[in-house]
Amino acid sequence: MNSLPNARDWQLALGQPGAIVTDLDDIGQCIRVILTTPKGSDPLRPEFGADAGQYIDYPIDQAAPHLVRVCWDAIELWEPRVELISIRPRLGDAPGHLILQINWRRRGAGTGAAEQATEVGL
């Protein structure tokens with residue numbers, strides 16, 4: 001039986017049965033979950049997630065600024081532990097694949113706190 005971690009923030013790791021993520025890794029995983037969950041897909045929280053899918057048929061140069069805005073708003077709403085610094089889109093390896101690099105720090109940690117980066121493929 002796994003003992004619970006001695007961390008303030010933790011959850012089960014996605015795609016890794018029996019593993020957990022803690023602290024900053026927990027926050028990074030939450031950001032990925034928020035951005036890859038379509039709004040309306042969680043029946044108990046219909047507003048949870050990001051409306052990133054509405055830009056799927058846009059050319060990437062037109063979709064990118066909309067995706068940054070939608071994702072910024074979703075993270076601000078659903079992840080109160082985070083102070084966003086930037087969201088930078090870049091092309092992925094596959095055609096039409098966009099990767100967002102989300103730069104953030106733990107809210108309340110101060111400007112001297114280490115900046116974290118989480119990448120999410122859309």
Side-chain angles (χ1 to χ4, degrees):
M1 180 175 178
N2 289 343
S3 62
L4 292 177
N6 192 17
R8 183 176 81 187
D9 300 313
W10 69 275
Q11 66 179 305
L12 295 175
L14 296 177
Q16 301 173 38
I20 59 171
V21 290
T22 61
D23 298 319
L24 298 175
D25 293 331
D26 168 61
I27 295 172
Q29 180 170 291
C30 286
I31 290 171
R32 284 189 289 281
V33 168
I34 291 165
L35 299 186
T36 58
T37 302
K39 271 190 176 179
S41 64
D42 182 341
L44 298 177
R45 297 181 296 173
E47 293 299 313
F48 180 79
D51 272 335
Q54 67 180 317
Y55 301 105
I56 197 164
D57 290 329
Y58 282 49
I60 287 187
D61 62 330
Q62 292 177 18
H66 293 292
L67 287 168
V68 168
R69 177 184 46 81
V70 164
C71 292
W72 189 288
D73 291 346
I75 295 168
E76 286 279 313
L77 178 62
W78 294 105
E79 187 44 82
R81 300 173 292 176
V82 166
E83 176 187 336
L84 285 172
I85 298 166
S86 66
I87 298 179
R88 295 188 186 110
R90 66 177 166 82
L91 293 176
D93 294 333
H97 189 238
L98 191 69
I99 297 172
L100 297 178
Q101 180 177 323
I102 297 94
N103 296 315
W104 56 275
R105 70 175 61 94
R106 184 185 288 272
R107 187 173 300 283
T111 56
E115 187 175 306
Q116 306 297 315
T118 300
E119 288 194 347
V120 179
L122 300 174

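Rounding to the nearest 0.5 Å places CZ of Arg88 at 12.0 Å from CG of Leu100. The line from CD1 of Ile27 to CZ of Arg105 is 13.0 Å long, rounded to the nearest 0.5 Å. One distance of note links CZ of Arg107 with CG of Leu84; it measures 8.0 Å at 0.5 Å rounding. Taking OG1 of Thr118 as the start and CD of Gln29 as the end, the distance is 10.5 Å to the nearest 0.5 Å. One distance of note links CG of Leu91 with CG of Leu98; it measures 6.5 Å at 0.5 Å rounding. Separating the CD1 atom in Ile31 from the OG1 atom in Thr36 is a distance of 11.5 Å, to the nearest 0.5 Å.
The two atoms that bring Ala113 and Ala109 nearest to each other are CB-CB, 3.4 Å, heavy atoms only. When every heavy atom of Leu122 is checked against every heavy atom of Cys71, the shortest pair comes out as CD1-SG, 4.3 Å. Heavy-atom minimum distance, Ser41 versus Pro43: O-CD, 3.4 Å. Shortest non-hydrogen contact noted between Ala50 and Ala74 is CB-CB, 3.9 Å. Of all heavy-atom pairs spanning Glu79 and Cys30, the tightest one is OE1-CB, 3.3 Å.
Using a 30° and 60° split on the angle between ring planes, His66 and Tyr58 fall in the perpendicular class, above 60°.
At a threshold of 4.5 Å between side-chain heavy atoms, the hydrophobic network of Ile, Leu, Val, Met, Phe, Trp and Tyr places Leu67 and Val82 in one connected group. Connection of Ile102 to Leu24 is established within a shared hydrophobic cluster, with ILVMFWY side chains joined at heavy-atom distances below 4.5 Å, either directly or through further cluster members.
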**Q.** Worked check of side-chain contact (heavy atoms from CB on, under 4.5 Å) between Trp78 and Leu35
**A.** CA-CA 10 Å; Trp78 294 105; Leu35 299 186; over 6 Å; no
Q: Report the C-alpha separation of Ile75 and Trp104 in whole Å, then their side-chain angles, then the decisive distance to 0.1 Å, and conclude whether the side-chain contact (heavy atoms from CB on, under 4.5 Å) test is met.
A: CA-CA 10 Å; Ile75 295 168; Trp104 56 275; over 6 Å; no
(Q) Could you walk me through whether Arg32 and Leu14 satisfy the side-chain contact (heavy atoms from CB on, under 4.5 Å) test, starting with their C-alpha distance in whole Å, then the side-chain angles of each, then the deciding distance to 0.1 Å, before giving a yes or no? (A) CA-CA 10 Å; Arg32 284 189 289 281; Leu14 296 177; over 6 Å; no
Q | side-chain contact (heavy atoms from CB on, under 4.5 Å) assessment of Leu77 paired with Glu47 | A | CA-CA 10 Å; Leu77 178 62; Glu47 293 299 313; 5.7 Å; no
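In this structure the side chain of Glu119 reaches within 4.5 angstrom of the side chain of Gln101, judged on heavy atoms. A heavy-atom distance below 4.5 Å is not found between the side chains of Lys39 and Val70.
Residue Asp57 qualifies as open at atom CG: its count of foreign heavy atoms under 6.0 Å is 12 or below.
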